[in-house]
Amino acid sequence: GTDSLGGGNQAVLPVSVPVTIGGNAVSVIGDSHSEDATTTGGSTSGGAGDVETDGTDSILGGNQAVLPVSAPVTIGGNAVSVIGDSHSEDATTTGGSTSGRSGYIETDGTDSILGGNQAVLPVSVPVTIGGNAVSGIGDSTSEDAATTGGTSGGLLGDVTTDGSDSILGGNQLIVPISLPVTIGGNAVSVIGDSTSTDAATTGGTSG
């Protein structure tokens, strides 16, 4: 932000929240059973890369807001019962993963007023839910469920702007959003019996 007034500022907030819940049995009234559950949580890699700004001789120019957010959530092999029996057996759940969320991000805004600003907001939220049995009233059973979560990668490449000698020029707003959601092999019962057997679910990919 050389020779600038309120220019060349940056806000880079990479957030990664992998949550893994697997093989749990919870019962209020009735029986809840989870057996041989294998759950592998999602992973994140490749955070924000190089982020560069200049804003030379500018007023409020060359600012950046880079907010990569990744929240892989994996839930597999759980049995939850309120009234009735809930059973989950041999659930194999593999969470989704994210990689390569951002590359080089650069702005200039030389000799500009409010120029060369960027707002880069890549968001990736792979959610994997598989092999769970949930019962409200009645029996719920999930057996031999194999669920593989989706993956996302390459959400953002090089982002460059200049805006030299400009007024309100060279601004960018880039909002790539990737939401792979995989749900498979689950049995949910409110009133009555619910059964899922030998479910094989593979999540999609995005890149």
Check A91 against S88 and note the closest heavy-atom contact, atom names and distance.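 Minimum heavy-atom contact is CB-OG, 4.1 Å.
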Considering all heavy atoms, the nearest S166-G115 contact: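 Answer, listing the atom of S166 first, then G115: OG-CA, 4.4 Å.
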Keeping the roles fixed (side chain from [X], backbone from [Y]), state whether a donor-acceptor pair exists under 3.5 Å.
X	Y	result
D162	D108	no
S140	V134	yes
Q172	T160	yes

Side-chain heavy atoms of [X] within contact of [Y], under 4.5 Å:
X	Y	answer
T93	T128	yes
P14	V12	yes
Q118	N171	no

Can you name the side-chain hydrogen bond (donor to acceptor under 3.5 Å, both in side chains) partners of D57, sequence neighbours left out?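 Result, side-chain hydrogen bond (donor to acceptor under 3.5 Å, both in side chains) vs D57: none returned.
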Those residues that, when tested against N63, pass side-chain hydrogen bond (donor to acceptor under 3.5 Å, both in side chains) (two or more places apart):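 Checked N63 against side-chain hydrogen bond (donor to acceptor under 3.5 Å, both in side chains); matches are N9, N117.
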From [X] atom [atom1] to [Y] atom [atom2], the distance as rounded to the nearest 0.5 Å:
X	Y	atom1	atom2	result
I105	I174	CD1	CD1	7.5 Å
L168	S112	CG	OG	9.0 Å
I59	I113	CD1	CD1	4.5 Å

Could you go through residues 21-29 and list every donor-acceptor pair under 3.5 Å that involves a side-chain atom there, pairing it with any protein atom two or more places apart or in another chain?
from	atom 1	to	atom 2	distance (Å)
N24	ND2	G22	O	3.4
N24	ND2	N78	OD1	2.9
S27	OG	G30	O	2.3

Could you work out, with side chain to side chain contact (heavy atoms under 4.5 Å, CB included) as the rule, every residue matching [X], not counting sequence neighbours?
X	result
L13	L67
T197	T195
E89	E35, H87, E143

Show your working on side-chain contact (heavy atoms from CB on, under 4.5 Å) between T74 and V19 and close with a plain yes or no. CA-CA 6 Å; T74 305; V19 178; over 6 Å; no
